[in-house]
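Here the structure is laid out as structure tokens; the discussion comes afterwards.
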Amino acid sequence: MDKPIGVLYNVYREFGEVPKKDMKGVLPMKKLTGKDFILGFQHMFAMFGATVLVPLLTGLDIATTLLMAGLGTLLFHFITGGKVPAFLGSSFAFLGGYAAIAPMIDGAANHEMIPYASLGVVFAGLLYLVLALLFKLFGAKRVMKFFPPVVTGPIIIAIGLILAPSAIDNCKTNWWIAIVAFLTIVICNIWGKGMIKIVPILIGIGVSCALAVVLQLCGIEVFDPTKIQALKDAAWLGFPIRWDHTVFVVSDMSKAISAIIAIVPIALAAMMEHIGDISAISSTVGKNFIANPGMHRTLTGDGLATSLSALFGGPANTTYGENTGVLALTKVYDPRVIRLAAVFAVILSFSPKVAALINLIPAAVIGGISLILYGMISAIGARNLVENKVDLSISRNIIIAATILVSALGFNSIGGISFQVFGTTVTLTGLALAALLGIVMNAILPGKDYDFKEEDEGDKSVDFKL
């Protein structure tokens with residue numbers, strides 16, 4: 001296909017106006033339907049709870065977070081050629097960095113220090129480009145020798161297990177609502193037909209929220225009074241960026257350098273999580289995204305999205321496990337649906353009223369949904385090991401897997417490990433430590449038998465036929 005026709009075709013394809021005849025042998029993609037918009041809305045809801053939780057824990061602005069999640073996702077899809085059905089939401093890996101540089105003051109945002117923390121995240125995002133360059137220079141085959149299934153599988157399992165306590169904490173606020181949300185999703189997905197089967201999360205939210213309203217009317221307080229008041233006070237339209245949170249107001253270079261030194265190492269954990277997430281998405285979809293469009297492109301997209309977000313006062317972005325869970329649940333893998341979710345997030349960011357309404361969703365509803373979505377992440381990691389026939393009877397494999405799992409969960413429970421670098425405290429999370437230990441042990445222990453294949457499909461580390 002020559003370039004003018006190719007560009008024109010892509011524009012037609014993106015907006016659903018596909019020519020009736022093939023263009024030089026290219027099969028036209030089906031136009032977007034109402035069902036696709038509903039699926040995109042479901043993906044937006046799936047990421048919403050965890051995405052807005054990060055600004056609630058760090059003092060960052062929710063509207064900015066939604067805007068940057070949407071724009072970051074679209075940037076990621078642009079860089080990866082629109083091939084990977086991944087949504088980029090707020091990363092939890094950097095919570096420790098924000099707590100160290102811009103700790104909240106009596107539950108309120110530390111507006112003075114947030115720009116410095118954001119600057120550190122900007123540089124952390126740029127570190128992704130270094131690893132992306134290694135993939136580009138040496139090829140996925142060489143670099144992926146350090147990330148075989150015996151390493152990425154346990155990392156994926158650990159990601160889901162680390163998130164699990166947050167799901168239970170949310171469920172504890174009202175177990176009845178959480179159970180209703182959980183059971184509704186299970187029933188719709190197992191016994192549902194047609195649209196009911198592929199939008200179980202939206203139905204789960206609707207049914208459990210309806211129960212919450214009934215309980216509220218019966219005198220049982222389910223909805224947070226402060227969030228109700230916030231909904232009443234919120235304006236319908238508003239600009240989603242706070243200038244005082246952007247890096248453009250940074251003036252103290254010593255604080256800036258300290259923030260960069262403290263936060264940049266966190267990117268190690270985030271990058272390992274990214275590799276695990278791309279492996280999980282590849283496993284779910286049945287395509288080798290590590291080879292095509294290539295890990296160098298996905299890392300570049302994630303890193304630039306993170307730097308762009310932090311530049312304007314948003315949190316670091318990461319490929320979202322919740323949305324991978326939605327892919328596994330619905331088996332709808334069209335990347336355009338993810339891009340629709342990104343557009344919805346951008347639109348919502350300009351409406352504080354709508355954002356406040358969605359933020360009003362009870363924690364128990366989010367908890368019930370997360371029970372499945374977080375579990376899906378760990379289940380995908382386990383499937384990674386099983387489908388690749390990783391032999392856990394071999395000592396080196398069982399030692400590597402055990403070390404990753406125990407280190408990730410154990411060190412996460414104590415907040416990771418902190419040490420001093422040039423007078424600044426640097427903290428490595430449990431996931432970062434586990435990933436580093438797994439990579440090092442796989443590199444030095446004898447008996448490696450993994451051979452990464454670069455075909456678009458068929459790689460034993462990621463291509464799982466459903």
Side-chain angles (χ1 to χ4, degrees), residues 47 50-73 75-76 79 88-104 109-132 240-274 277 298-320 349 416 418 421 424-429 431-432:
M47 69 84 192
T51 293
V52 301
L53 182 58
V54 170
L56 291 176
L57 295 174
T58 58
L60 297 172
D61 188 73
I62 292 178
T64 304
T65 299
L66 287 175
L67 175 66
M68 292 305 163
L71 293 180
T73 299
L75 176 62
F76 176 87
I79 292 174
L88 272 62
S90 304
S91 172
F92 283 76
F94 289 84
L95 288 179
Y98 282 103
I101 302 302
M104 296 184 71
N110 189 338
H111 299 296
E112 178 186 355
M113 294 303 299
I114 281 179
Y116 294 94
S118 296
L119 181 64
V121 175
V122 169
F123 278 84
L126 295 178
L127 189 61
Y128 280 67
L129 305 186
V130 176
L131 184 58
I241 295 178
R242 290 189 52 148
W243 181 256
D244 61 337
H245 282 189
T246 67
V247 301
F248 305 109
V249 300
V250 169
S251 58
D252 190 323
M253 290 307 298
S254 63
K255 290 181 180 179
I257 294 173
S258 296
I260 292 170
I261 292 174
I263 292 179
V264 164
I266 299 174
L268 293 173
M271 288 188 291
M272 295 308 102
E273 182 179 350
H274 174 91
D277 285 340
T298 64
L299 279 166
T300 299
D302 199 345
L304 290 181
T306 289
S307 294
L308 174 67
S309 176
L311 198 66
F312 293 96
N317 282 338
T318 186
T319 42
Y320 244 36
S349 72
S418 299
V421 177
T424 301
T425 300
V426 176
T427 300
L428 287 180
T429 64
L431 190 61

Would you name the heavy atoms of [X] and [Y] that are closest together and state the gap between them?
{"X": "A117", "Y": "A259", "value": "N-CB, 4.5 Å"}
{"X": "P240", "Y": "S349", "value": "CB-O, 3.3 Å"}
{"X": "N317", "Y": "S90", "value": "OD1-N, 4.3 Å"}
{"X": "V247", "Y": "P115", "value": "CG1-O, 3.8 Å"}
{"X": "Y116", "Y": "S251", "value": "OH-N, 3.3 Å"}
{"X": "F76", "Y": "T298", "value": "CE1-O, 3.4 Å"}

Can you tell me how far apart [atom1] ([X]) and [atom2] ([Y]) are? Round to the nearest 0.5 Å.
{"X": "F94", "Y": "I101", "atom1": "CZ", "atom2": "CD1", "value": "12.5 Å"}
{"X": "L129", "Y": "S307", "atom1": "CG", "atom2": "OG", "value": "7.0 Å"}
{"X": "L119", "Y": "I114", "atom1": "CG", "atom2": "CD1", "value": "13.5 Å"}
{"X": "Y98", "Y": "L60", "atom1": "OH", "atom2": "CG", "value": "5.0 Å"}
{"X": "L304", "Y": "L88", "atom1": "CG", "atom2": "CG", "value": "11.0 Å"}
{"X": "M271", "Y": "L299", "atom1": "CE", "atom2": "CG", "value": "7.5 Å"}

Side chain D61, main chain G313, donor-acceptor under 3.5 Å: no

Keeping T306 on the side-chain end and D302 on the backbone end, is there a donor-acceptor pair under 3.5 Å?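 It does hold such a pair.
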
From the list L71, I79, T73, side-chain contact (heavy atoms from CB on, under 4.5 Å) partner of L75 resolves to I79

I'd like to check I241 versus M68 (side-chain heavy atoms, cut-off strictly below 4.5 Å). Are they in contact? yes

Do you see a donor-acceptor pair shorter than 3.5 Å between the side chains of H245 and S118?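 On atom types as modelled, these side chains do not qualify, holding no pair under 3.5 Å.
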
Going by salt bridge (Lys or Arg N to Asp or Glu O under 4.0 Å), name the residues that satisfy it together with D244, two or more places apart in sequence or in a different chain.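 Checked D244 against salt bridge (Lys or Arg N to Asp or Glu O under 4.0 Å); matches are R242.
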
Just say parallel, tilted or perpendicular for the rings of F248 and W243, cut-offs at 30° and 60°. parallel

With F123, which residues qualify under ring pair (Phe, Tyr, Trp, His ring centres under 6.0 Å), at least two apart?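 Checked F123 against ring pair (Phe, Tyr, Trp, His ring centres under 6.0 Å); zero matches.
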
